[in-house]
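In what follows, a structure is listed as structure tokens, so that the remarks can point back to it.
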Number of protein chains: 2
Amino acid sequence: MSFSPLIRHLIDALRGLPGVGPKTAQRMALHLLERDRDVARHLAGALATAMDGVGYCSRCRTLSENDICAICADPRRDATLLCVLQSPADVWAVEQAGGFTGRYFVLKGQLSPIDGMGPEEIGIPALLEAVERSDVAEVILATNPTVEGEATAHYIASMLKPRGIKVSRIAHGVPLGGELEYIDGGTLAHALAGRTPIL
Amino acid sequence: MSFSPLIRHLIDALRGLPGVGPKTAQRMALHLLERDRDVARHLAGALATAMDGVGYCSRCRTLSENDICAICADPRRDATLLCVLQSPADVWAVEQAGGFTGRYFVLKGQLSPIDGMGPEEIGIPALLEAVERSDVAEVILATNPTVEGEATAHYIASMLKPRGIKVSRIAHGVPLGGELEYIDGGTLAHALAGRTPIL
């Protein structure tokens, strides 16, 4: 036998969630049907509302349900410091780490000519415009330390330097709590090259 | 900062899914918002439809969107063989294993006086009634091999035996592909006690 159509449909829909395979989807469907119908109805509502209500901040381009997101709208944030990231998830990660008091600009990914992602596609012209129109004194490039992320950072730096903007790149090295023995060679080489004086 | 209210609400709702913690819920919310809004809308619809449309089969009590489920409605299933299980998930598991051609009866869990689950609560009177009203010749007890599952099986057997119904229990022993070295003692003792002659 197979599941009845509505259950089959629910299992298939749950598989659309990232990291959810057939077994997990089946377990979720059963759990919701047998124990948590209210939770499921609540989730259905939250999904529909969020998909229709959440857009992008017109200033920093992170996910936001208002035209200007809470960070851009906060007058206490330092308008002279702009952190450039690849995705809204990165904004959340930096915010959750705490300590950064500047503002953000979110690119739509990273330069990747092979995937058709050029400067236009990822929003670099909009970034340059945003920098020109504001009081930004320093741009911190926090794209991923991958080949594409580095290329993106270098491209942006090359565009901003001539405009007299200070440009920096976040530090890459051994993560806190990491053991040298288990760190990959690339990271270790980066950490050595980027050494800073102490005392 | 924190997430905007709609995103926060979506993340909280996703945590209602079994096995989904805060990090996973955040990842799912972001994935849906950034990449798969149609998938999310589809999931919202499937959840709402399934929660309202799926009930229980009035005959075997498994999850079903019709009054009589597809298995109970199938005339090719052997009506003399009834397999008693603890949950709809167990029906799915047996069906997916294949080979069983009889019908099912799904209890609402297992006897557990400490949780207030007596024979009434888990549906044993309904099971006895279903057996009496039908042509069932053999009842196969497939409750879990736990203390409560065994108690449930023994209780049902004690109610059916006087009525002249053949009652059997599924075999417990070393699982296929299992290595003796890694099997727990209880299972091993069970496997030895339940040995069957070969050749």
Side-chain angles (χ1 to χ4, degrees), chain A residues 1-20 24 26-55 57 62-66 69-71 74 77 87-89 91-92 95-96 108, chain B residues 1-20 24 26-55 57 62-66 69-71 74 77 87-89 91-92 95-96 108:
Chain A
M1 79 118 191
S2 49
F3 303 106
S4 65
L6 284 185
I7 301 179
R8 175 83 273 159
H9 189 68
L10 175 59
I11 293 174
D12 289 345
L14 285 164
R15 289 191 58 188
L17 293 170
V20 173
T24 307
Q26 190 175 314
R27 197 162 51 81
M28 285 176 168
L30 188 87
H31 177 90
L32 295 173
L33 285 165
E34 281 267 279
R35 251 162 276 179
D36 267 340
R37 295 208 179 201
D38 287 342
V39 163
R41 287 197 187 93
H42 178 240
L43 174 57
L47 280 165
T49 324
M51 294 309 132
D52 292 337
V54 178
C57 171
T62 194
L63 286 166
S64 168
E65 60 206 71
N66 302 312
C69 74
I71 298 174
D74 185 346
R77 305 287 301 215
S87 85
V91 175
W92 298 353
E95 283 296 302
Q96 278 166 6
K108 281 238 165 278
Chain B
M1 80 119 189
S2 50
F3 303 106
S4 66
L6 285 186
I7 300 180
R8 176 82 273 158
H9 188 67
L10 174 59
I11 293 174
D12 289 345
L14 285 165
R15 288 192 58 190
L17 294 171
V20 173
T24 307
Q26 190 174 316
R27 199 162 48 81
M28 284 176 169
L30 187 86
H31 177 90
L32 295 172
L33 285 165
E34 280 268 278
R35 249 160 279 178
D36 266 342
R37 295 206 178 202
D38 286 342
V39 163
R41 288 197 187 93
H42 178 240
L43 174 56
L47 280 165
T49 324
M51 294 309 133
D52 293 337
V54 177
C57 172
T62 195
L63 288 165
S64 168
E65 61 206 72
N66 301 311
C69 75
I71 298 173
D74 185 346
R77 305 288 301 215
S87 85
V91 175
W92 299 352
E95 283 295 303
Q96 278 165 5
K108 280 237 165 280

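Everything numeric in this text was worked out from a predicted model, so none of it was measured. Throughout, a chain's letter reflects where its sequence line sits, starting with A, and its residues are numbered from 1.
Remark: B:L63 CG to A:I7 CD1 distance equals 5.0 Å, nearest 0.5 Å. Remark: B:L33 CG to A:L47 CG distance equals 9.0 Å, nearest 0.5 Å. Atoms CZ and CD, from B:F3 and A:E65 in turn, are 12.5 Å apart once rounded to the nearest 0.5 Å.
Considering only heavy-atom pairs separated by less than 4.5 Å from chain A, the leading option among B:A13, B:A44, B:G53, B:P18 is B:P18. Here B:E34 is the residue among B:R35, B:R27, B:K108, B:E34 with the most heavy-atom pairs under 4.5 Å with chain A.
In plain terms, the two heavy atoms of B:H9 and A:A46 that are nearest each other are CD2-CB, 3.6 Å.
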(request) Go through the steps to decide whether A:L17 and B:V20 satisfy the test side chain to side chain contact (heavy atoms under 4.5 Å, CB included), and finish with yes or no. (result) CA-CA 11 Å; A:L17 293 170; B:V20 173; over 6 Å; no
(request) Kindly indicate, with the supporting measurements, whether the criterion side chain to side chain contact (heavy atoms under 4.5 Å, CB included) is fulfilled by A:L43 and B:M51. (result) CA-CA 11 Å; A:L43 174 57; B:M51 294 309 133; over 6 Å; no
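Residue B:V39 touches chain A through its side chain alone, counting heavy-atom pairs closer than 4.5 Å. Only the side chain of B:H31 comes within contact range of chain A, with at least one heavy atom under 4.5 Å from a heavy atom of that chain. Of the two parts of B:D52, the backbone and the side chain both hold a non-hydrogen atom closer than 4.5 Å to a non-hydrogen atom of chain A.
When side chains are defined from C-beta on, B:P88 counts as touching A:L30, because their heavy atoms get closer than 4.5 Å.
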